[in-house]
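Reviewing the structure listed below.
Just so you know, these numbers use all the heavy atoms, side chains as well, and skip hydrogens, waters and symmetry mates. In listed order, ligands and their atoms are each counted from 1.
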Amino acid sequence: MLHVQGIEGGYGKESVVKDVSFQVNKGEILGILGPNGSGKSTLLKIISGILPKRSGTIFIDGKDASLYSQKEFARKVAVLPQLHTHAFSHSVRETVDLGRYPHQSGLFSTWSDEDEQAVKEALELTAMTRYKDTAIELLSGGEQQRVFVAQALAQDAPILLLDEPTNHLDIAHQQQLLDTIRKQAQDKGLTVISVFHDINLASMYCDRLLMMNDGRIDSIGVPQDVVKDESVDRVYKARIKTQPHPELPKPQITLLPDVQVQSDSFAVSKNDFTISPQFVTLQIANPLKTLSSAVHNPGLGWYRTFVNRHVDADYNCDDVQAEMARYLEQQGFHSTDTVGMMTAVTTEHAEVEEYKGDFGMVIIAVTAGVGNAVDVSQALAREQRVGTINTWVIVNGILPDEAFIQAMITATEAKVKALQVENIMDPLTSTIATGTSTDSLLVAATQRGENLPYAGPITPLGKLIGHGVYDCTIRAIQTYKRAKGWTN
Ligand code: ADP
């Protein structure tokens with residue numbers, strides 16, 4: 001355990017690190033973040049004893065670190081400094097061996113089995129065993145970095161201080177090294193303090209983060225309390241947005257460049273749609289931010305082509321995703337830039353309409369096959385048969401994520417109402433249907449023009465989506481009924 005209290009220190013008259021206090025527990029990884037020159041390395045140098053502190057105390061396992069002898073300290077704390085270009089003249093093995101120095105005793109120290117084992121393990125953990133006889137100067141920067149990590153691990157100290165350990169490493173080696181350190185912290189109860197350049201890596205691998213700003217602690221806490229839009233903006237002077245990691249409960253940042261990557265304003269209109277017996281397509285020059293439950297490229301993304309493809313009612317395929325991707329490429333669509341849906345409905349019966357409001361325009365496109373409609377409230381008690389209502393909501397405006405979700409709710413409610421008004425029944429339960437069993441919904445926005453923060457029916461956008469989806473769905477159902485020769 002390491003406890004830093006009221007630390008102050010630097011190089012000239014002015015202190016670089018000012019009044020820094022924190023504690024790191026056994027088995028914990030603390031990441032130090034902060035912009036260039038904020039004092040991260042200086043803080044680590046003071047804790048390492050490389051730079052004398054002006055005031056404050058460092059406690060290691062409850063004892064003032066200044067009371068430890070140099071060798072005792074080295075048995076407690078291993079340090080990986082920032083890699084600089086040196087005139088190296090050792091082999092990898094010799095360099096890692098040096099990590100065992102604090103464990104040698106007496107004038108004529110002997111090399112023990114324990115020393116041998118620690119070096120062997122450190123070489124293996126850093127995947128450097130096969131380079132053990134290579135001269136260090138012949139290795140790449142990333143490989144040299146791993147040698148020094150191996151040296152620090154061989155030291156077998158309960159506290160590990162690392163200054164940008166992933167510097168010079170490619171992403172696979174960054175992952176490997178940080179996985180190793182994480183595992184060492186867990187298995188051996190190591191206490192780790194590491195300076196990070198990369199906020200996302202720090203967030204992923206550290207239990208807690210300490211953000212330095214101008215020599216002082218700006219914030220300290222779990223990653224979600226430290227990596228926030230406002231704090232990163234304020235401390236780093238960089239516009240960012242945080243997003244959740246896809247697999248871990250850790251925030252990740254994305255830079256928001258000031259330079260517009262895409263061209264200026266543009267709008268989607270009904271003219272951008274094409275309807276043929278094979279598909280309904282929307283193709284535009286600029287990508288739309290899209291959230292959908294499509295077959296191909298579902299979820300959130302940016303796309304320029306949207307395809308609602310006709311398939312026969314008995315379409316059956318083991319790998320629908322792969323078949324759809326192949327089909328799109330065969331038809332000349334670029335599959336990574338295309339969202340693809342399927343419908344057994346005659347695509348020429350699609351309803352596509354523009355709805356204008358003060359803020360701009362939305363375009364709704366619906367294909368509705370309601371022969372196998374389902375009352376969702378009775379779905380548990382019934383057999384499922386496929387049927388599809390595909391609904392697209394295209395918005396000329398800027399929507400935040402929550403407005404995409406609200407647009408989906410509004411569109412779904414409007415669809416359900418249309419089925420009710422058209423008296424569409426679930427043929428198996430003889431109750432009013434609410435949809436079909438494989439309906440798809442897509443909301444896409446230009447992210448240009450007006451800011452439209454909400455899309456519930458209390459807002460102008462929500463009103464337009466509600467009306468438009470209702471209107472198009474009613475018309476699509478009526479067309480379907482006529483085509484099937486239904487009487488009502
Ligand atoms: P960081 O690691 O956050 O980039 P540093 O701790 O390296 O920041 O540097 C903090 C400040 O201390 C900077 O203004 C830097 O110029 C200064 N500094 C760093 N090393 C030295 C040194 N050896 N001598 C004098 N000033 C230094």
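The shortest side-chain heavy-atom distance between Leu399 and Leu461 falls under the 4.5 Å cut-off. Between Ser269 and Glu354 the shortest side-chain heavy-atom distance falls below 4.5 Å. Two residues are said to be in side-chain contact when any heavy atoms from C-beta on lie closer than 4.5 Å; Trp392 and Met341 meet this criterion.
Distances from ligand 1 to the non-hydrogen atoms of Gly34 include no value under 4.0 Å.
For ligand 1, the atoms lying closer than 4.0 Å to a non-hydrogen atom of Thr42 are 5 (P), 6 (O), 9 (O), 10 (C). Heavy-atom contacts of Val16 reach the following atoms of ligand 1: 10 (C), 11 (C), 12 (O) (cutoff under 4.0 Å). Close approach of ligand 1 to Pro35 is summarised as follows: ligand atoms under 4.0 Å from at least one heavy atom of the residue are 3 (O). For ligand 1, the atoms closer than 4.0 angstrom to any heavy atom of Asn36 are 4 (O).
Checking atom 15 (C) of ligand 1 against the protein gives no heavy-atom contact under 4.0 Å.
At a threshold of 4.0 Å, the pair Lys415-Glu413 does not count as salt-bridged, since none of the basic side-chain nitrogens sits closer than that to a carboxylate oxygen. Here Glu124 pairs with Lys120 in a salt bridge; the nearest charged N to carboxylate O distance falls below 4.0 Å.
For ligand 1, none of its N or O atoms has an N or O atom of Lys45 under 3.5 Å away.
Of the protein's heavy atoms, Ser41 N, 2.9 Å lies nearest to atom 2 (O) of ligand 1. Closest to atom 19 (C) of ligand 1, if we only count protein heavy atoms, is Tyr11 CE1, 3.4 Å. Looking only at heavy atoms of the protein, atom 4 (O) of ligand 1 is closest to Gly37 N, 2.7 Å.
Defined by atom type and a distance below 3.5 Å, a donor-acceptor pair is present between the side-chain atoms of Thr42 and Tyr11.
Each of Leu162, Leu30, Ile32, Leu44 was evaluated against Ser194; a single residue qualifies, Leu162, per the side chain to side chain contact (heavy atoms under 4.5 Å, CB included) test.
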